[in-house]
Amino acid sequence: MNRKIGFWEAYSIGVGGMIGGGIFAVLGLTILLAKGAAPVAFLIAGFIALLTAYSYAKLSVRYPSEGGTVEFLVRGFGNNLFTSYLNTLLLASYIIMLALYSYAFGSYGSALLLGKEILLIKKLLIAGVISFFALLNFLGAYVSGKVEDAMVFMKLGILLLFSALGFLTGDFSKLSPNNWESFLKILVGGLIIFLSYEGFELIANTSRDVKDPEKTLPKAYYASVLTVITVYCLVSAVAVSNLSYQDVIKYKDYALAVAAEPFLGKLGFTLVGIAALLSTASAINATLYGSARVSYLVAKLGALPRSFSKKVWKEGTEGLLILSILTILFAVSFNLENISIAGSFGFLLIFSAVNLANFRLADYTNSNRWISFIGFIMCAFSGIVLVSFNLKNSPESLKSLTLMLIGTFIFEIAYRALTKREIAPYIDWRLRVSESLKEESFLKLKELVRKLKEKLGNVEVYLTGNSLKGKERTGTLRILIVHRKPESAEKELEKIKEELNIKNEHPIYFVIKERPEKEGRRIG
């Protein structure tokens with residue numbers, strides 16, 4: 001099978017999706033709520049994300065699909081109105097993420113150009129950056145995977161440099177429990193920026209192209225989330241220790257750049273500002289052309305078309321135009337708090353549904369259902385706390401959330417009634433085909449072993465990983481071939497696959513090694 005994405009590529013997709021501009025935009029909001037406990041707030045939100053990553057890892061291995069989150073919801077709840085609405089809500093949440101990124105771009109851009117935030121300039125920059133990337137797509141341009149990988153590590157490098165230097169000048173007494181707010185405010189401080197952890201789920205959309213998915217996908221999910229938790233906690237600790245509370249209030253929309261001034265002066269402000277512009281720009285590019293487009297096509301067609309490709313965005317200009325206009329309208333109409341609450345609640349709701357889906361599918365995904373159930377409870381409870389707190393203390397900040405929830409529901413009901421469109425039983429046609437070929441794949445194994453022994457002589461073939469759990473728990477059959485000359489075995493395997501008509505659609509993944517693994521069942 002033609003699988004090209006390894007651990008580092010999958011890891012960079014997860015990290016890049018999370019450190020996409022959120023930390024630059026919402027850090028000030030968290031400090032305002034939690035004060036000295038800002039790192040604790042990020043840790044709480046990260047823990048919820050890590051629990052949810054468990055469900056995503058299990059679902060991605062069992063149901064590898066470019067449909068990602070939407071595919072998992074269909075598998076868990078069926079192709080019905082509830083799932084269709086969740087997809088529409090996911091699309092709206094991506095639009096809000098785009099609004100957050102463009103808002104951050106406008107805030108940091110205005111501060112860099114003029115030394116302070118000018119509302120008109122900020123709104124022009126918001127509209128400009130979305131329009132720029134929309135225009136690139138209309139012209140057929142796209143940012144390559146290698147450039148995106150480089151961007152990820154550059155963003156990480158700048159944030160880690162910020163953290164390292166900031167420790168030299170910070171007043172860390174500001175982080176003591178004496179300067180913490182109440183637990184409720186700390187919790188809300190974490191939940192309001194939960195959307196900063198949105199992004200690890202983008203790994204799911206690449207799961208069909210991942211090398212050795214049973215091992216690579218879980219590592220990529222957990223490593224990316226843990227990396228980002230560490231970075232966010234470090235960055236927030238340094239920011240708190242280098243900023244006065246008055247500075248946070250005054251510069252909350254671009255607090256991170258101001259926090260760099262005590263130890264790097266204007267150079268630090270400029271460096272972090274540039275990093276914010278690059279981060280938000282790459283995040284806009286990736287979200288506009290990737291995940292948001294997936295949800296749009298599913299909303300319109302009920303499934304992804306066979307011609308769909310993540311890397312070349314040839315179709316969907318109509319959707320791109322709609323997404324761009326809605327993003328600009330949202331970003332210039334609401335303040336940062338409104339955008340953050342709506343986005344965080346949207347993803348908490350979606351992630352609670354994904355956790356519940358894996359709870360229901362635990363027998364098929366080889367999962368500990370109670371981990372997913374705890375994830376579901378925490379996401380659902382967190383959403384309730386976020387809304388309740390702001391309903392009592394800042395009802396104005398819930399305007400965008402109310403608009404999102406009601407608007408998406410009305411749209412979904414009206415659209416289904418007018419078009420008679422229903423979400424498909426499978427979002428990704430390749431998953432449907434591979435599921436239908438699973439029985440045939442198991443039957444081909446006996447003949448495959450016979451031919452391997454005939455061609456190679458002293459060869460051992462093992463069924464490993466989730467394949468040992470039976471057909472229901474297997475997304476891809478993992479076959480280990482042990483031979484003293486792996487290169488020769490690989491050449492013969494390709495010939496045998498052709499003879500047996502084993503195509504890319506067959507859910508079989510081959511590993512060739514000189515020695516057997518610890519766990520496995522020998523075939524033949």
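Under the 3.5 Å distance criterion, the side-chain polar atoms of N205 are matched with a main-chain donor or acceptor of E66. Under the 3.5 Å distance criterion, the side-chain polar atoms of N242 are matched with a main-chain donor or acceptor of G166. The closest donor-acceptor contact from the side chain of T216 to the backbone of K211 lies under 3.5 Å. Not one N or O on the side chain of S60 forms a donor-acceptor pair closer than 3.5 Å with the backbone of A204. Side-chain atoms of S340 never come within 3.5 Å of backbone atoms of I193 as a donor-acceptor pair (strictly under, hydrogens ignored). A distance-only check finds a donor-acceptor pair linking the side chain of T408 to the backbone of L405 [under 3.5 Å]. When atom types are taken as modelled, the side chain of S236 and the backbone of C233 share a donor-acceptor pair closer than 3.5 angstrom. Between the T230 side chain and the L226 main chain, a donor and an acceptor come within less than 3.5 Å of each other. Of the possible donor and acceptor atoms, none in the side chain of T206 sits under 3.5 Å from a partner among the backbone N and O of D209. Judged by distance alone, with hydrogens and angles left aside, the side-chain atoms of E9 form a donor-acceptor pair with the main-chain N or O of G6 at under 3.5 Å.
In this structure, F172 and F167 have parallel ring planes: the angle between them is below the 30° cut-off, well short of the 60° mark. Using the six-membered ring where Trp is involved, Y222 and Y54 have ring planes that are parallel, under 30° apart on the 30 and 60° scheme.
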(request) Take L100 and L336, measure what side chain to side chain contact (heavy atoms under 4.5 Å, CB included) needs, and give me the verdict at the end. (result) CA-CA 7 Å; L100 177 78; L336 184 59; 3.5 Å; yes
(message) Evaluate F77 against L356 for side chain to side chain contact (heavy atoms under 4.5 Å, CB included), listing each step before the verdict.
(response) CA-CA 9 Å; F77 304 107; L356 185 58; 4.0 Å; yes
(request) List the steps and the verdict of side chain to side chain contact (heavy atoms under 4.5 Å, CB included) for Y415 and S84. (result) CA-CA 11 Å; Y415 189 68; S84 292; over 6 Å; no
(request) Take F200 and Y56 through the ring-ring contact (aromatic ring centres under 6.0 Å, His included) test and state the conclusion after the steps. (result) CA-CA 9 Å; F200 66 83; Y56 268 93; 5.5 Å; yes
(request) Could you please spell out the steps behind the side chain to side chain contact (heavy atoms under 4.5 Å, CB included) verdict for V272 and F162? (result) CA-CA 8 Å; V272 173; F162 167 89; 4.1 Å; yes
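A 4.5 Å side-chain heavy-atom check between I23 and M18 finds every atom pair outside the cut-off. A heavy-atom distance below 4.5 Å is not found between the side chains of W180 and K185. Between F330 and L98, every side-chain heavy-atom pair lies at or beyond the 4.5 Å cut-off. For the pair Y63 and Y364, the minimum side-chain heavy-atom distance is below 4.5 Å. Side-chain atoms of I203 and Y11, non-hydrogen and from C-beta on, never get closer than 4.5 Å to each other. Between L277 and F105 the shortest side-chain heavy-atom distance falls below 4.5 Å. Proximity of I229 to F47: side-chain heavy atoms (C-beta onward) are nowhere separated by under 4.5 Å. I192 has its side chain within reach of E337: a pair of non-hydrogen atoms, C-beta onward, lies under 4.5 Å apart.
Heavy atoms from other residues, nucleotides or ligands lying under 6.0 Å from NZ of K174 number more than 12. A 6.0 Å sphere centred on CZ of F389 holds more than 12 heavy atoms belonging to other residues, nucleotides or ligands. Under a cut-off of 6.0 angstrom, the local environment of CZ in F381 is sparse, with at most 12 non-hydrogen atoms contributed by other residues, nucleotides or ligands.
One finds the CG atom of L125 at 11.5 Å from the CD1 atom of I118 (value rounded to the nearest 0.5 Å). Here the straight-line distance linking atom OG of S397 with atom CG of L391 works out to 9.0 Å at 0.5 Å rounding. The distance from atom CG of L398 to atom OG of S388, rounded to the nearest 0.5 Å, is 9.5 Å. Between the OH atom of Y94 and the CG atom of L89 there is a distance of 11.0 Å, given to the nearest 0.5 Å. Of the inter-residue distances, the one linking L33 atom CG with E181 atom CD reads 8.0 Å to the nearest 0.5 angstrom. The structure places CG of L191 at 5.5 Å from CD1 of I48, a figure rounded to the nearest 0.5 Å.
Across S344 and L386, no two heavy atoms sit closer than the pair CB-CD2, 4.1 Å. Looking at every heavy atom in both residues, S102 comes nearest to I126 through O-CG1, 3.2 Å. For the residue pair V225 and G46, the shortest heavy atom distance occurs at CG1-O, 4.1 Å. The minimum heavy-atom distance linking L86 with I350 is given by the pair O-CD1, 3.4 Å. Contact detail for G76 and A357: the closest heavy-atom pair is CA-CB, 3.9 Å. Closest approach of T30 to G189, counting heavy atoms only: OG1-O, 3.2 Å.
Looking only at atom types and distance, the side chain of Y251 has no donor-acceptor partner in the side chain of K116 under 3.5 Å away. Side-chain atoms of N80 and T83 include a donor-acceptor pair closer than 3.5 Å. A donor atom on one side chain and an acceptor atom on the other are found under 3.5 Å apart for N335 and N338. Using modelled atom types, one finds no donor on one side chain facing an acceptor on the other under 3.5 Å when comparing T69 with E201.
When K58, R473, E214 are each tested for a side-chain hydrogen bond (donor to acceptor under 3.5 Å, both in side chains) with N366, only one passes: R473. Screening R208, E71, R75 for a side-chain hydrogen bond (donor to acceptor under 3.5 Å, both in side chains) involving S65 leaves a single residue, E71.
K399 forms no cation-pi arrangement with F334, by the criterion of a distance under 6.0 Å to the ring centre and an angle within 45° of the ring axis.
Between F347 and Y197, the distance separating the two ring centers is not shorter than 6.0 angstrom.
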